[in-house]
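Input: a single structure, listed below in C-alpha cells.
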Amino acid sequence: MINYITPDDIRRCSGHRVAIDVETTGLSWVRNYIIGVGVWCPDVDVYGYIITKTKEPSYETYKALKSLSRDTVVIMHNAKFDCHMMGISPDSWDLIIDTTDLVHIIDSRLPKNAEWVEERFLRTHTKKDYIIRHPYTKIWDWPDDDVAEYCINDCRIEYKFAEVLIPAVCDLDLWDLFLKDMEYLKLLWEVERKGILLDTKFTFDAVELQRKTLKHLEQILMDSVGYEFNWRSTQQLSKAIYADMGIPKPKNPFADKDGVDRSRFADAGKYKSTCTSSFLLTEKVHHPLGELIFAMRESDRLIKVLEGWFLVTDMNKVVHTNFNLTGTRTGRLSSSKPNIQNVPSEARGRFTQSIYTGDTHRTAEYNLRNAFIARPGTVMISTDFKQMEMRMFGILSQDPFMLKSLAAGRDIHGDIAEKVWGTRDEVHREWSKTISFGLIYGMTIGSLMYKLNMPRAEAARVCDQYWKEFPRIKPWLDDVVQECMATGAVHYWSGRLWKEEKQIDMYKGANAQIQGGCADLLSVAALRVRAWIREQNNPNIHILNLVHDEVIVESPIEICLYIARNVAKIMQVPDLFDIPFATDTKIGFTYGSLNKVPKELVADESIIRYDPPPIAPLEMGKDPEFIEIVLDEPEEESQIEEQVY
DNA sequence: ATGCAATGCGCG
DNA sequence: AAAGCGCGCATTGCAT
C-alpha cells in the first residue's frame, strides 16, 4: 500500500491506538535524521506515510506527532530510538507499547528484529519481501514510493505484534512488569537524551599520551624479539614470544605442580592455543614480556575507546549512550555506542580469571572516567548498592545469618569467614568471597580448587564447611534448578521469567534470579528517584547514568548533599524486602574522581524530607486487555523541553 | 565487500 | 584453554 497522508491525518489518530514507525538516514539519532514517518491506526482508518526530507513537512509532522494527546496508545518497535529520532519524549504519552520489550518479556532468548518477530509471531514475511527487492542498498537510497510502502507495512506488522503479544504477556501475568518496563524506557530516554559532558581536552591529551606510550612500548617489544611483526595478532605474537625467543610454550599452564594434567580437558587435545592472554603470561608462564604486552594492549584499547567517544560526541561535547532494555538474558540493561558501563576505572590489573589482587591503581591520565565531567555548577552523585548481589542472595535463600549480617550493615564476607572458619583474617575472608560469588555464579568444586589454589580434597572440605554453616543455601540452589526443571523457567521477585529448557544450563537459573532480580530492583529504585527529582522542580537535577548497581545523578553543587541524602534513602526501598538495600554515596566533579561521603553525613535524618513516591511502578495495574485499554486521566505536562528535529 | 568465530579485556 | 554469571567492542583471520 502506497498512501501519502498529511499531518492532519496524524492528528486524527489522537486518543487512539496507533503504530508509528520512522525512516531515517542511519542508526545514530545524534548524527542522522528522519526522512519519513508512517502510521497505522485502524481506529480512525489512517494508514499512510509522510515524507519529511525537507524542512517544512518535517516541522509540520513533528507538530502533529507532538499534538497526539496523552491518552494516545503509541505502538513502536524499539520505541526509544524512534522517539529520539522524532525528538519527542515517550513520556508525552501515558502508555507506549514497545513491541521489542513484549518479545523480551515473553522470552529473553528471542531475537527482536522485526523480520524475525514477524516470521515467528505472525507467520508471514512481508518485511523481508520488501527488503529483498532492494539488494545491496540502504533504505534511504530507495525510491520514495518504495520507502513509503515499506514503512507503512512496518507500522502494520508492529500493530499486529501488539495485538498478538499483549495477550501472551497477560497470559503469563506479566502485564504489570511490562508497564514498569515502559516507565523505565521513558526514564532511559531522558538519561540518554541528557547525556554526559565530555572533557574534550582531557580526552585529547589522554590519546596523545597513550599514543606516545604505545609507540615506546612497541619499540621495546620489537627490540626484545628482534624483528617487526603485528603484535595484535595472537598467532604472530605467540610465535614471536615463544618460538623465536626460545621460551618454551606451556603445554598446559593449568597442570598441577607435578606437571600432571588432572583437568577434565586433559585428553581433549585442545592445547593448541596461542597462550598470549596477559593473565597467562604473567601469572602462569611468568613470561618476561607479560607486563609489557599487558601495557601495550591497555594503551591500544584506551586509544580506541577515547577516539570512539570523539566519534559519538554531539556539537555540545555531550556523549549520548544507548541503553538497551532487551539486550540481556537476565533483564539487565546493556549499553552501547558508547558502552558507558565498562569505562576503565581507577582500579587496574584485575584479571578476571584470577583472584582479585586489588591494590593497583591507574594514574589520573589512565583513569578514563575522568573524561566524564559534571556540567558547570554541578557535581555527580553516585549512589550504589552495597553488596547488592549478596543481599539478593540472602533474601532469596532466606538464610537467617546472612540476612542478619546484611541488615546490620556488617561486612558480610568477614562475618561468613568467622562463622565458617572461626577467623576473619584476609585469607579466610578471601575464601569466603570466592565461595559466595562462586555460588552466585554456579561454580563447581573443580573450579573452586583452581580459584582457591588448593587440592580438590581440601577445596571440597572448605566448601562442605560452608554448606554446613549455611544449611539453606544448598537447598535453595537445588530448588531453583527444580523449579526450572518443572516449569521450564525461574521467576524473579519482580515476576520476570527466565526461561530455559536445556538441562545443562539450568544451574544458571540461580544467578539469573539474583542478577536479574537486582536489575529489576535497580529499575524500580531509579524510577522512584526520578519521581522524587521531578518533585523538586529544578531543571538542573538529572539522572546521568545507570551501571547495574549504581545510579549517577547530576546536581547543583549547593544542594548536592540534600539530593544525595534523599536519593540514598529512596534507593534503599525499605518497603520491598525483608531487609533494606544499603547504599554508598560518592560525590565528585568527574566520574573518575568520586569521593565517598561519610555515612553520618548521608544518613543525617534531620535534613531528609522523604515523601513516599507517587509512582509504585510494579503496582500500577492497568487493564491488560489490549482491545479495551483504559488510561488514567492525563497528568501534568511533561517538563521535557520541546525538541525539534 | 561482508559476515562470522575466536581472542582479548574493560565493567558489574 | 577453560573452568563461575551477564554484557560490548576492536582486531585478526578466514569464509563467502
Side-chain angles (χ1 to χ4, degrees), chain A residues 108 135-136 230-238 249-255 261-266 268-281 284 293-294 296-298 300-305 307-308 311 321-324 327-355 362 366-369 384-385 387-389 393 434-452 459 498 505 507-516 518-519 522 545-550 591:
Chain A
S108 65
Y136 312 115
N230 184 357
W231 61 268
R232 290 177 182 82
S233 158
T234 51
Q235 288 176 18
Q236 293 179 43
L237 179 65
S238 185
K249 195 175 86 173
K251 243 191 128 184
N252 175 13
F254 296 96
D261 182 359
R262 297 186 177 83
S263 81
R264 62 190 167 99
F265 298 100
K270 289 187 180 175
Y271 302 139
K272 288 176 243 160
S273 81
T274 52
C275 290
T276 55
S277 75
S278 296
F279 164 68
L280 227 53
L281 290 174
K284 294 293 175 184
I293 290 161
F294 176 75
M296 290 174 73
R297 288 190 177 132
E298 179 182 48
D300 194 46
R301 187 176 52 254
L302 297 189
I303 291 167
K304 293 298 185 303
V305 169
E307 287 176 341
L311 291 180
T321 187
N322 298 275
F323 287 112
N324 191 350
T328 69
R329 186 72 171 84
T330 55
R332 264 191 179 180
L333 294 177
S334 72
S335 158
S336 62
K337 291 180 296 179
N339 183 343
I340 204 84
Q341 295 178 324
N342 75 338
V343 181
S345 72
E346 200 176 16
R348 175 193 149 126
R350 38 163 132 168
F351 301 115
T352 53
Q353 299 188 49
S354 80
I355 294 168
R362 284 189 173 92
Y366 280 76
N367 176 2
L368 293 205
R369 295 187 178 197
D384 71 305
F385 288 113
Q387 310 120 338
M388 191 187 199
E389 296 200 328
F393 191 24
T434 303
I435 296 178
S436 296
F437 278 107
L439 293 178
I440 289 174
Y441 294 152
M443 192 168 59
T444 59
I445 289 289
S447 54
L448 181 65
M449 64 187 206
Y450 156 63
K451 280 294 170 194
L452 296 178
W498 181 87
D505 287 328
Y507 75 94
K508 294 176 183 170
N511 175 64
Q513 217 178 331
I514 293 166
Q515 187 189 105
C518 287
L522 185 83
N545 196 6
L546 301 155
V547 195
H548 307 311
D549 66 347
E550 176 185 24
Y591 186 29

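By convention in this document, chain letters (A, B, ...) are assigned in the order of the sequence lines, proteins followed by strands, and residues within each chain are numbered from 1.
Atoms CG (A:Asp300) and C1' (B:dG10) sit 13 Å apart, rounded to a whole Å. Distance A:Ile445 CD1 to C:dA2 C1': 17 Å, rounded to the nearest Å. Rounded to whole Å, the distance from CZ on A:Arg348 to P on B:dC11 is 11 Å. Atom CD in A:Glu389 sits about 12 Å away from atom C1' in C:dG4, given to the nearest Å. One can place CH2 of A:Trp231 at 13 Å from C1' of B:dT7, the figure rounded to the nearest angstrom. Protein atom CD of A:Glu298 is 23 Å distant from nucleotide atom P of B:dT7, rounded to whole Å. Across the protein-nucleic acid pair, A:Tyr591 atom OH and B:dG12 atom P stand 7 Å apart, rounded to whole Å. When the P atom of C:dG4 is taken as reference, atom CG of A:Asn511 falls 13 Å away, rounded to whole Å.
Comparing B:dG8, C:dC5, B:dG12 by their closest approach to the side chain of A:Arg297 singles out B:dG8. Looking at the side chain of A:Gln515, the nearest of the listed nucleotides B:dC9, C:dT11, C:dC5 is C:dC5.
Along DNA chain C, the nucleotide nearest A:Lys508 and the nucleotide nearest A:Cys275 are compared for position; the residue whose nucleotide lies closer to the 5' end is A:Cys275.
The side chain to side chain donor-acceptor pair (under 3.5 Å) search around A:Asp384 returns none, not counting sequence neighbours. Residues satisfying the side chain to side chain contact (heavy atoms under 4.5 Å, CB included) test with A:Ala519, not counting sequence neighbours, are A:Arg332. Taking the ring-ring contact (aromatic ring centres under 6.0 Å, His included) definition, one finds that A:Tyr591 meets it with nothing, sequence neighbours left out. Qualifying side chain to side chain contact (heavy atoms under 4.5 Å, CB included) partners for A:Ser108, counting only residues two or more places apart in sequence or in other chains: A:His104, A:Arg329. Applying the salt bridge (charged side-chain N to carboxylate O under 4.0 Å, His left out) test to A:Asp300 and every residue at least two apart in sequence or in another chain returns A:Arg232, A:Lys304. Residues meeting the side chain to side chain contact (heavy atoms under 4.5 Å, CB included) test with A:Asn511, sequence neighbours left out: A:Ile440, A:Tyr441, A:Gln515. Legend: residues meeting ring-ring contact (aromatic ring centres under 6.0 Å, His included) with A:Tyr366, ordered by chain and number and at least two apart, are absent. Residues satisfying the side chain to side chain contact (heavy atoms under 4.5 Å, CB included) test with A:Asn342, not counting sequence neighbours, are A:Asn339.
Of all heavy-atom pairs between A:Phe393 and A:Ser436, the closest is CE2-O, 4.3 Å. The shortest heavy-atom contact between A:Lys249 and A:Ser238 is CD-OG, 3.9 Å. Minimum interatomic distance between A:Arg362 and A:Ala347 (heavy atoms only, all atoms of both residues): NH1-O, 2.8 Å. The nearest pair of heavy atoms linking A:Leu448 to A:Met443 is CD1-CE, 3.3 Å.
Side chains of A:Lys508 and A:Thr330 form no contact here, defined as non-hydrogen atoms less than 4.5 Å apart. Side-chain contact between A:Lys284 and A:Pro250 is absent, with no heavy atoms from C-beta onward closer than 4.5 Å.
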Could you list, one pair per line, each protein nitrogen or oxygen that sits under 3.5 Å from a nitrogen or oxygen of nucleotides 12-16 of chain C, together with the distance?
residue : atom : partner  : partner atom : Å
C:dT12  : OP1  : A:Asn230 : ND2          : 3.0
C:dT12  : O3'  : A:Ser233 : OG           : 3.3
C:dG13  : OP1  : A:Ser233 : OG           : 2.3

Taking N or O atoms only and anything under 3.5 Å, show me the protein contacts with nucleotides 4-6 of chain B, one pair per line.
none

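If you check every strand for non-hydrogen atoms under 4.0 Å, A:Cys518 touches nothing.
Dashed line: the shortest gap from a side-chain N or O of A:Thr274 to OP1 or OP2 of B:dG8 is under 4.0 Å. For the OP1/OP2 pair of B:dT2 and a distance below 4.0 Å, the side-chain nitrogens and oxygens of A:Tyr136 include no atom meeting the criterion. At the phosphate of B:dG10, OP1 or OP2 sits under 4.0 Å from a side-chain N or O atom of A:Arg301. Between A:Thr276 and B:dG8, a side-chain N or O to OP1/OP2 separation shorter than 4.0 Å is present. Phosphate contact (OP1/OP2 of B:dT7, side-chain N/O of A:Ser273, threshold under 4.0 Å): absent.
Contact check of residues 328-344 of chain A against DNA chain B (heavy atom, cut-off under 4.0 Å) returns A:Arg332, A:Gln341, A:Asn342, A:Val343, A:Pro344.
With C1' as the reference atom, C:dA15 and C:dA1 are 24 Å apart, rounded to whole Å. Nucleotides C:dG4 and B:dA5 are separated by 24 Å at their P atoms, to the nearest Å.
Between the side chain of A:Arg369 and the backbone N or O of A:Glu346 there is no donor-acceptor pair closer than 3.5 Å.
Helical stems in DNA chain C, defined as runs of 3 or more consecutive Watson-Crick or G-U wobble pairs with donor-acceptor distances under 3.5 Å: B:1-12 with C:5-16.
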